[in-house]
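Notes follow the structure.
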Amino acid sequence: MKINIEEFQHDLVQWFQEEQRDLPWRKDNDPYKVWVSEVMLQQTRVDTVIPYYNRFLERFPSIEAFAEADEEAVLKMWEGLGYYSRVRNLHAAAKEVVNKYGGKVPDTKEKILKLKGVGPYTAGAVLSIAFGKPIPAVDGNVMRVLSRILLITEDIAKTSARKVFEEAAQELMYVPSPSHFNQALMELGALICTPGKPACLLCPVREHCRAFAEGVQAELPVKTRKKSTRHEDRLAVVLRDEHGRILVRKRPEKGLLANLWEFPNLKVVPLLDPWESLQDFLSTEFSLDATIDHVSFTRVHHVFTHLTWMIDAFEGKLQQGEITGCGGLRFVTGQELEELAFPVSHQKIWKAYKEKKS
DNA sequence: AACCCGGGGTT
DNA sequence: AACCCAGGGTT
């Protein structure tokens with residue numbers, strides 16, 4: 001079977017023009033908006049992104065407004081979306097575009113790839129959608145679609161596979177409209193050429209698909225499995241001072257949930273009494289003397305990609321002690337707390353705490 | 001090349 | 001429970 005490229009392009013792009021979803025970032029091709037949407041969509045489903053995208057652009061309507069914002073406000077707009085380094089990189093890159101390029105997103109591969117958080121996929125997506133450049137945008141959808149159309153058996157979990165698919169996408173590129181071509185491949189992967197059971201009977205390019213011709217579409221793409229997750233048991237405390245304010249701390253600027261706020265917490269030490277661990281933790285780490293309940297008020301289970309947490313949360317009341325200078329530690333009112341960016345796991349703790357109090 | 005980095009929906 | 005998602009950075 002030999003694919004007719006021109007017929008394939010026509011069938012694909014025409015299908016896209018007729019069947020594409022009405023999505024907020026498709027209202028115009030402004031580079032800043034395209035860029036924001038592409039970063040939000042990294043490893044994240046369309047339905048999840050839509051409300052975040054609308055709120056984000058309402059708050060930061062221009063790249064200048066975004067670049068000027070405080071990181072705390074930026075993280076708050078991203079709260080719950082995950083992979084928080086995405087928005088910290090986007091923020092740094094937006095500042096660079098404003099300061100170095102006069103607010104104009106660069107339109108060459110070489111320049112745009114140097115921006116923080118812009119890799120091969122995002123570069124191709126922005127350059128094709130916003131600037132009409134014939135650069136491939138190869139994401140998970142596109143690798144799945146092309147593995148079937150062209151019967152490519154490369155393991156898409158391997159780093160080296162991306163090059164193979166980029167070359168394939170470049171060969172197939174519909175030069176009159178790279179934007180439609182790239183988006184059509186992704187839209188096809190999202191709506192028709194899905195991972196489990198692709199809807200081949202509805203597929204506009206079924207006639208051009210080698211995998212369908214040989215009946216192996218369900219076996220593709222080839223992808224090796226990743227390792228399983230590890231587990232951590234943790235203890236957290238919602239600690240109030242004499243004014244009813246609550247102790248929160250800012251996480252480190254690197255690593256998991258970087259720069260987000262949380263309730264003080266620590267890993268469970270096996271065979272040690274949780275209550276004693278917490279008392280000791282507050283005393284040693286923060287020089288705080290507190291009265292902690294002996295029974296946790298909630299138990300929160302939270303699943304990350306490579307890690308699961310089981311957090312037992314206790315209520316406590318400050319007896320004495322003062323916050324020593326470290327800026328990552330603050331007593332805040334409930335209202336102030338809700339203006340800070342918290343990971344979902346600790347939002348669950350706060351929700352349980354409020355429900356207990358009401 | 002292997003690993004880290006969130007959260008939620010599907011199967 | 002495993003898999004996947006409009007991936008990129010770090011080591």
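Sequence lines set the chain letters: A, B, ... in the order given, protein chains first and strands last, and positions in each chain run from 1.
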inquiry  = The side chain of Leu256(A) is closest to which nucleotide in this list: dG8(C), dG7(B), dC5(B)?
reply    = dC5(B)
ask   = What integer distance in Å separates Arg230(A):CZ from dC4(B):P?
value = 7 Å
ask   = What is the distance from CD of Gln183(A) to C1' of dA6(C), rounded to the nearest Å?
value = 9 Å
key: Where DNA chain C forms stems, i.e. three or more consecutive Watson-Crick or G-U pairs with both distances under 3.5 Å   = B:1-5 with C:7-11, B:7-11 with C:1-5
task = Look at the rings of Phe66(A) and His91(A) and say which category their plane angle falls in: under 30° parallel, 30 to 60° tilted, over 60° perpendicular.
result = tilted
key: Short side-chain donor-acceptor distance under 3.5 Å, His208(A) and Asn4(A)   = no
ask   = Is any side-chain N or O of Thr305(A) under 3.5 Å from a base N or O of dG6(B), one able to act as donor and the other as acceptor?
value = yes
remark   = Leu81(A) atom CG is separated from dC5(C) atom C1', nearest whole Å, by 12 Å
query = For Val46(A), which contact category applies under a 4.0 Å heavy-atom criterion: base, sugar-phosphate, or nothing?
reply = base
task = Sort and list the pairs that fulfil salt bridge (charged side-chain N to carboxylate O under 4.0 Å, His left out) and have at least one residue in residues 154-179 of chain A, not counting sequence neighbours.
result = Arg162(A)-Glu166(A), Lys163(A)-Glu167(A)
remark   = Rounded to whole Å, the CG-C1' distance (Leu127(A) to dA6(C)) equals 15 Å
ask   = With a 3.5 Å cut-off and no angle check, do the side chains of Glu38(A) and Thr122(A) form a donor-acceptor pair?
value = no
message = Over all strands shown, is Thr44(A) touching base, sugar-phosphate only, or nothing at heavy-atom distances under 4.0 angstrom?
response = base
request  = Give one of base, sugar-phosphate or nothing for Trp25(A), where a contact means two heavy atoms less than 4.0 Å apart.
outcome  = base
ask   = When you measure from the side chain of Thr122(A), which nucleotide among dG8(C), dG6(B), dA2(B) comes out closest?
value = dG8(C)
note = Atom CZ of Arg86(A) and atom P of dG8(C) are separated, to the nearest Å, by 11 Å
task = Using the test ring pair (Phe, Tyr, Trp, His ring centres under 6.0 Å), find all partners of Phe281(A) that sit at least two apart in sequence or belong to another chain.
result = Phe286(A)
key: Donor + acceptor pair across side chains of His231(A), Asp233(A) (<3.5 Å)   = yes
inquiry  = Without decimals, in angstroms, what is the distance between Tyr83(A) OH and dG7(C) P?
reply    = 10 Å
query = For Phe304(A), which contact category applies under a 4.0 Å heavy-atom criterion: base, sugar-phosphate, or nothing?
reply = sugar-phosphate
Give me the distances for all protein-to-nucleotides 8-11 of chain B N/O pairs that come in under 3.5 Å?
unit_1: dG8(B); atom_1: N2; unit_2: Arg45(A); atom_2: NH1; d: 2.4

task = Compute whether any side-chain donor of one residue and acceptor of the other, for Arg86(A) and Thr44(A), lie under 3.5 angstrom apart.
result = yes
query = Separation of Glu187(A) atom CD from dC5(C) atom P, in whole Å?
reply = 15 Å
request  = Scan Arg251(A) against the nucleic acid and name what it touches under 4.0 Å (heavy atoms): base, sugar-phosphate only, or nothing.
outcome  = nothing
inquiry  = Using atom P in both nucleotides, what's the gap between dA6(C) and dC5(B) to the nearest angstrom?
reply    = 23 Å
request  = Find the distance between CG (Leu81(A)) and CD (Gln43(A)) and round it off to the nearest 0.5 Å.
outcome  = 12.0 Å
ask   = Can any side-chain N or O of Arg330(A) pair as donor or acceptor with the backbone N or O of Leu247(A) at less than 3.5 Å?
value = no
Of His302(A), Glu232(A), His301(A), the residue whose pairing with Trp309(A) passes side chain to side chain donor-acceptor pair (under 3.5 Å) = Glu232(A)
message = Counting C-beta onward and ignoring hydrogens, is there a side-chain heavy-atom pair between Glu338(A) and Lys354(A) closer than 4.5 Å?
response = yes
message = Is there a side-chain contact between Gln43(A) and the phosphate of dG7(C), meaning an N or O under 4.0 Å from OP1 or OP2?
response = yes
ask   = Taking the side chain of Lys223(A) as heavy atoms from C-beta outward, which of dC5(C), dG8(C), dA6(C) is closest to it?
value = dC5(C)
note = Per atom distances to the Asn89(A) side chain, the nearest of dG9(C), dG6(B), dG7(C) is dG9(C)
ask   = Taking the side chain from Arg251(A) and the backbone from Leu256(A), do they hold a donor-acceptor pair closer than 3.5 Å?
value = yes
ask   = Base, sugar-phosphate, or nothing: which does Ser37(A) touch, judged by heavy atoms less than 4.0 Å apart?
value = nothing
ask   = What salt bridge (charged side-chain N to carboxylate O under 4.0 Å, His left out) pairs are there with at least one residue in residues 61-85 of chain A, not counting sequence neighbours?
value = Glu72(A)-Lys250(A), Lys76(A)-Glu79(A)
task = Assign Arg144(A) to base, sugar-phosphate, or nothing according to its heavy-atom contacts below 4.0 angstrom with the strands shown.
result = sugar-phosphate
request  = Report which part of the nucleic acid Leu257(A) touches: base, sugar-phosphate, or nothing (heavy-atom distance under 4.0 Å, all strands).
outcome  = sugar-phosphate
ask   = Nearest 0.5 Å, what's the CG-NE2 distance between Asp273(A) and His294(A)?
value = 8.5 Å
request  = Residues of residues 160-172 of chain A with any non-hydrogen atom less than 4.0 angstrom from an atom of DNA chain C: list those, numerically ordered, please.
outcome  = none
task = Could you tell me whether Gly189(A) contacts a base, only the sugar-phosphate backbone, or nothing, with contacts defined as non-hydrogen atoms closer than 4.0 Å?
result = nothing
ask   = Closest to the His306(A) side chain: dC4(B), dG6(B), dA6(C)?
value = dC4(B)
Atom C1', compared across dG8(C) and dG9(B): separation rounded to whole Å = 23 Å
message = Whether the side chain of Tyr121(A) and the base of dG7(C) hold a donor-acceptor pair under 3.5 Å is what I'd like checked.
response = no
inquiry  = Whole angstroms only, please: what is the CD-P distance between Gln42(A) and dG9(C)?
reply    = 8 Å
ask   = In whole Å, what separates the C1' atom of dA1(B) from that of dC5(C)?
value = 23 Å
